[in-house]
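Values in this document were obtained by computation on a predicted structure and should not be read as measured data.
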Amino acid sequence: MSKKIRILSVILCFCLTISYGLSFISAAEDNEVAVVAETPTEALINNKTAYVNGEDVNIRSTYSTSGQSLGKVSFEYVTVSASYTFSDGKVWYKVTYGSITGYMYGYYVHIIEPVVPEGTFAEQLATFPESYHASLNLLHQLYPNWNFVADNINIDFATAVYNEGLGHRKLVNMTGDGISWRALGPENYNWTTGKWNTYSGNWTDASKEVIEYYMDPRNFLDATSIYMFMQQSYSEGTASETELAEFVADSYLGKGFPADQDEEKYGGSYVKIILEAAKQANINPYVLASTLILEQGREGKSDLISGTTEKYPGYYNFFNYKASGDDVILNGLKYAKEQGWDSRSKSIIGGAKLYAKGYIAIGQDTYYYKDFDVQDASPYTHQYAQSIYDHRSSAKLIREVYMDKKNLALTFRIPVYKNMYEKAPAYPTENDTLNNYYFNEISVDGLSPAFSRYTQSYKLSVSKDTTVYVKVPSTARYSGNTTYALKKGTNTVKLAVRSQSGYDNYYTLTVTAAADCTLTISTDAKKIMRGDANGDDTIDIIDLAAIRLHILGKRKLTGNNLDCADANNDGTIDIIDLAAVRLNILGKLTLN
């Protein structure tokens, strides 16, 4: 599955329009037209933004199909700097996409020009924040009959991201995804063994950066991913038998099955069963077919739908309900028998009804809301898939149905969270380095609570210039300020750790200062003066008294003072340390 969808920022004064025809082409290579050996007419274009309206469209080394392919672009934005027109009317463009600059056949290149929105679309646009407008404008030009609904979610975006990161709700693949995508929190990673916890096979928890990227709707307002927001309810006339058959032709659903293995009225046709299931369950038939392909794969070879297992012959579970645990197949078929799914049609129609009851009927009427339960009174508790990019994969599959149907009046319900970031999060860095942005230690007298790697808020009281000692993992670095000018009263200090993969994580110190002073953050090793139990850089009877009171349990030492009280460095504060400090004061023993 393709995960790397990058939406380049389109900064326009008004709205958007397109300067060419708008038919989607799914096999771009077949539609490039070779040009004769001639010098075309060149026209410079002032770096305009354009949309590539096709899949796997080549960027070539020259304006001809004979040019080497430098890369491919699918349904994304490029920057155009020149056009090249040939005598037969064919046009090529010089384009830039990321770090690649080359030439693209003009059939797929749709240059964006400013235009003022009007009518119903202008009203719809006004309900969205400004950061949504550029992408929605483009989609409106491609599909003028589409309806966009702003779903206002009563949750802060950062809060939603945090909660989706709990309880193994969102996972990444240990084989297919980079190490930098994996979370290193207490539920996710063992810092002693260097191993991740795994779930559902070869999956582990997704990092915060990955979750926030895939949760932010603005990252998916393009002609491929937009279908994750498409309303999935059934509408009469959505699909004919012929149209649905074309959609599933290259899958097991297109091959059918022997007619004598199911009710006579379906004649061995999955397509007929799906159309009936869609009506009874109030689900878009394309969504239903897509789900069956996603659950069983294009070949449909799982024993959950073979009907030939020894223990549960003749039973089917097309939606993989209850197919989990130690024996996925038997558990799924046991559930199928309990439901009475002793035919393909019963399994598909019955499963579709459960799907509708479990999701569509309660407002989870889009792929996005199925995977991110953020609308009801108990959010995050009812989610279809743990895979962080499941909604995007589903959208890509359903796009194949609609990319040529420009006149359909589809409705898209697009979330708008409270307090969204000013810009959509960038595509997360994907490599094989750790996202290790946690301190190994924060050390200063009076820190409360005691330091723990995953505790990120602390309190501290100071009366003079003070040094805070911090340690980071060997492949990370401290990335915050090294000095803070404190004012008398309450101060907020942010300590930042930058991971090997380039992300910052922040720890907060709420510092109460008795007077104006300076707080210094040091990554150097903390200096220990053995026997200096009160931290005044002198060993005297005050230190002797402090150690005695600690041993008696009357006034416990903490932090650096506790370390210094361990005069013989054996990890225990006892009468041996008391004796060592007394001898040091008498000049009979030299500590440090």
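One finds the CD atom of Gln364 at 10.5 Å from the CD atom of Gln232 (value rounded to the nearest 0.5 Å). Here the OG-CG distance, from Ser61 to Leu70, works out to 5.5 Å after rounding to the nearest 0.5 Å. One distance of note links CZ of Arg218 with CG of Leu136; it measures 11.5 Å at 0.5 Å rounding. Distance check, rounded to the nearest 0.5 Å: CD of Gln375 to CD1 of Ile155 gives 9.5 Å. Put simply, CH2 on Trp203 and CG on Asp177 are 6.5 Å apart, with the number rounded to the nearest 0.5 Å. Remark: Thr291 OG1 to Gln296 CD distance equals 11.5 Å, nearest 0.5 Å.
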Determine, step by step, whether Tyr421 and Phe157 satisfy the ring pair (Phe, Tyr, Trp, His ring centres under 6.0 Å) criterion, reporting the C-alpha distance in whole Å, the side-chain angles of both residues, the deciding distance to 0.1 Å, and the verdict. CA-CA 8 Å; Tyr421 306 152; Phe157 182 68; 5.1 Å; yes
Could you walk me through whether Tyr214 and Asp390 pass the side-chain contact (heavy atoms from CB on, under 4.5 Å) check? CA-CA 10 Å; Tyr214 278 100; Asp390 173 76; over 6 Å; no
Show your working on side-chain contact (heavy atoms from CB on, under 4.5 Å) between Tyr321 and Tyr355 and close with a plain yes or no. CA-CA 10 Å; Tyr321 284 112; Tyr355 175 92; 3.5 Å; yes
Does Asn47 form a side-chain hydrogen bond (donor to acceptor under 3.5 Å, both in side chains) with Ser81? I'd like the steps, not just the answer. CA-CA 5 Å; Asn47 291 327; Ser81 56; 4.7 Å; no
Please evaluate residues Arg169 and Gln383 with respect to the criterion side-chain contact (heavy atoms from CB on, under 4.5 Å), reporting the C-alpha separation (whole Å), side-chain torsions for both, the decisive distance (0.1 Å), and the verdict. CA-CA 8 Å; Arg169 288 175 177 141; Gln383 300 189 153; 4.2 Å; yes
Show your reasoning for whether ring pair (Phe, Tyr, Trp, His ring centres under 6.0 Å) applies to His391 and Phe220. CA-CA 10 Å; His391 58 314; Phe220 304 102; 5.7 Å; yes
Where do Met420 and Asp216 land on the side-chain contact (heavy atoms from CB on, under 4.5 Å) test, with the steps shown first? CA-CA 8 Å; Met420 297 185 74; Asp216 196 312; 3.6 Å; yes
Using ring pair (Phe, Tyr, Trp, His ring centres under 6.0 Å), reason through Tyr437 and Tyr503 one step at a time and then give a plain yes or no. CA-CA 7 Å; Tyr437 47 27; Tyr503 293 113; 7.1 Å; no
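Remark: of the listed residues Asn481, Thr508, Ile442, Ile442 is the sole one forming a side-chain contact (heavy atoms from CB on, under 4.5 Å) with Leu495.
A donor-acceptor pair is defined here as one N or O able to donate and one able to accept, closer than 3.5 Å; no such pair exists between the side chain of Arg182 and the backbone of Thr204. Asp156 places no side-chain N or O within donor-acceptor distance of the main-chain N or O of Thr159, the cut-off being under 3.5 Å. Not one N or O on the side chain of Ser135 forms a donor-acceptor pair closer than 3.5 Å with the backbone of Tyr132. Judged by distance alone, with hydrogens and angles left aside, the side-chain atoms of Asn440 form no donor-acceptor pair with the main-chain N or O of Lys471 at under 3.5 Å. Thr198 contributes no side-chain N or O that, together with a main-chain N or O of Asn202, makes up a donor-acceptor pair within less than 3.5 Å. Asp222 places a side-chain N or O within donor-acceptor distance of the main-chain N or O of Ser225, the cut-off being under 3.5 Å. Listed for the Gln386 side chain is a donor-acceptor partner under 3.5 Å among the backbone atoms of His168. Tyr507 places a side-chain N or O within donor-acceptor distance of the main-chain N or O of Phe439, the cut-off being under 3.5 Å. Using modelled atom types, no side-chain atom of Thr482 and backbone atom of Ile521 make a donor-acceptor pair closer than 3.5 Å. Between the side chain of Asn53 and the backbone N or O of Tyr51, no donor-acceptor pair lies under 3.5 Å.
Using bins of under 30°, 30° to 60° and over 60° for the plane-to-plane angle, the ring pair Trp146/Phe412 lands in the tilted bin. Ring planes of Tyr107 and Tyr105: parallel class, angle under 30° (limits at 30 and 60°). By the 30° and 60° cut-offs, the orientation of the rings of Tyr189 relative to Trp196 is tilted.
For the pair Thr490 and Thr510, the tightest heavy-atom approach, listed with the atom from each and the gap, is CG2-CG2, 3.7 Å. Closest approach of Tyr369 and Asp151 over heavy atoms only: OH-OD2, 2.8 Å. The two residues Leu184 and Tyr438 make their nearest non-hydrogen contact at O-CE1, 3.6 Å. Taking each heavy atom of Leu294 and Ser394 in turn, the nearest pair found is CD1-OG, 3.3 Å. When all heavy atoms of Arg60 and Gly67 are compared, the pair lying nearest together is NH1-O, 2.7 Å. Residues Phe148 and Gln124 approach most closely at N-OE1, 3.0 Å, considering heavy atoms.
Contact of the His140 side chain with the Asn137 side chain is not registered, since no non-hydrogen atoms from C-beta on lie closer than 4.5 Å.
Side-chain N/O atoms of Tyr506 and Gln456 include no donor and acceptor closer than 3.5 Å. Checked by atom type, the side-chain pair Glu187/Asn197 shows no donor-acceptor distance below 3.5 Å.
For Trp181 and Tyr427, the distance between ring centers is under 6.0 angstrom.
A salt bridge links Arg399 and Glu55; the closest N-O separation between the charged side-chain nitrogens and carboxylate oxygens is under 4.0 Å.
Geometrically, Lys170 engages Phe372 in a cation-pi contact, judged by NZ or CZ lying under 6.0 Å from the ring centre and within 45° of the ring axis.
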